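Ligands are counted one by one from 1 in listed order, and the atoms in each one are counted from 1 as well. We count residues from 1, following the sequence as given. Worth saying up front: this structure is predicted, and the values here are computed from it rather than measured.
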Amino acid sequence: MAAARDHFSSRLGVLAATLGSAVGLGNIWKFPALVGQNGGASFLALYVLATLCVGLPVMIAELSIGRAGRRNVVEVFRVLAPRSAWWLVGLGAVVSCVVILGYYADVAGWVFAYVVRSASGSVATTDPAVAQASFDALVSSPLESLGWQWLVLLLAGTVIMRGASGGIEKVTRVLMPLLFLLLVGICVRSLLLPGAVEGLRFLFMPQWDRITGDVVLLAMGLAFFKMSVGMGCMLIYGSYFRDDVHIPLMATRVMICDLLVSLLAGIAIFPAVFSFGFEVSQGPALLFMTIPAVFAAIPGGSIFATLFFVLSAIAATGAILSLLEVTVSCLAERFCLSRKRAVPLVLLGLAVVGLPATLSFSSLKGVEVLGYSFFALYDVMSSAFLMPVCAIATSLFVGYAWGREKALAAMGNGASALAVWWLCRTLTPVLIAVVLLHGLGML
Ligand code: PHE
């Protein structure tokens, strides 16, 4: 089975696919606002440091485990550490993917809906209250929101059906350059607005006094969410890397390009937000209320709003492809199913799991589990618990269980491999554990 395994065919394809997973809605609705609100350039410096200590080492660890075992996320641990319980880490990753897809596909559905809505001009309003009402109408309609969510899953499933090189690589090789192009175009428009410099000041002005313990934790949490680690996504993509790809170098490239996308997103958004005097927001409020309102204020804005939602849809799709690949490859390889069989089964499962999250804004409004709506519960379960736990376990596997020689060889030997190995033994798991305890309210 291993010999016939699919692989990404070129270095550019590897970069596009891996970057496609790292770049997601986090780059658009989370990162830029967090940078601006928590100290601009000082937060950026902190984020880069956090990525070097937390996100990047785990990303390199996951990619190397995947390539060394060349199996799905569960089987890979059975091959590399037979007769042990490490395969549970892979199982945890699959569960995380299903849970995160349960709500991420929902949000992606809203983004796709907004592509159509902004193209038709139906969300063009400069009044944030009207924008809010329009967004509420979408999420509170079970049929509409479920329809968009299923459409997104179906589209992603069609790509995954074609496999790693014929599906994921082919699609991300087109989508990633397109995303950059759209971002640069919107940045230029935004920077040409009067008062744009205020937005740049908000984003980049260093404010060292804003750096508190909480902000440090925020930067660390963001670092590993951004790098898509702790979900098996990097592990499964690593299993499609050819032997001649230098993993630490490739992961560093992905980190730099991902940072660039986040910064460009900030430059596309905040000069326009400040130019028209809108409130700074993040999350759904930024994407679905502020953005349509801001672009409606610009001449020809509906074109830019549409392009902005297209690029957001691209970002969300790349992340969904990686999450879906983790689950599909696992099911297909474990039960010897073809992708044609495995994909519909996974999509069906995801439609069921995603149902309560989507309906938390309509039919199940007010229903709470542990004090959270299903939508929020899925988010907290995956980001605050499953992701950090799997990331800690992955670094401990590389640092202690795998064996020094094997781990170093898998990471390409040399100084970078040694540094990652040491980090996985020491700083990285400790820092992620601090983020985990903080997320669970224990710190
Ligand atoms: N990195 C993605 C983002 O920034 C989110 C993600 C996390 C995607 C984990 C896949 C796996 O939005």
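- One finds no salt bridge joining R162 and E169 here, because no Lys/Arg side-chain nitrogen approaches an Asp/Glu carboxylate oxygen to under 4.0 Å.
- Taking the six-membered ring for Trp and thresholds of 30 and 60 degrees, F295 and F304 have nearly parallel ring planes, at less than 30 degrees apart.
- Listed by chain and residue number, F397 satisfy the ring pair (Phe, Tyr, Trp, His ring centres under 6.0 Å) test with F77 (two or more places apart in sequence, or in another chain).
- The aromatic rings of Y378 and F374 lie perpendicular to each other, with more than 60° between the two planes, well past the 30° mark.
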For residues 248-260, run the donor-acceptor check on the side chains, cut-off 3.5 Å, and write out each pair with its distance to 0.1 Å, sequence neighbours left out.
from : atom 1 : to   : atom 2 : distance (Å)
T252 : OG1    : P248 : O      : 2.6
D258 : OD1    : N27  : ND2    : 2.9
D258 : OD1    : K226 : NZ     : 3.4

Donor-acceptor pairs under 3.5 angstrom involving side-chain atoms of residues 84-93: please list them, not counting sequence neighbours.
from : atom 1 : to  : atom 2 : distance (Å)
S84  : OG     : A81 : O      : 2.6
S84  : OG     : W86 : N      : 3.4

Output block, N or O contacts of ligand 1, threshold 3.5 Å exclusive:
from     : atom 1 : to   : atom 2 : distance (Å)
ligand 1 : 1 (N)  : A22  : O      : 2.9
ligand 1 : 1 (N)  : F225 : O      : 3.0
ligand 1 : 1 (N)  : K226 : O      : 3.2
ligand 1 : 1 (N)  : S228 : OG     : 3.0
ligand 1 : 4 (O)  : A22  : O      : 3.3
ligand 1 : 4 (O)  : K226 : NZ     : 2.5
ligand 1 : 12 (O) : L25  : N      : 3.2
ligand 1 : 12 (O) : G26  : N      : 2.9
ligand 1 : 12 (O) : Y104 : OH     : 3.0

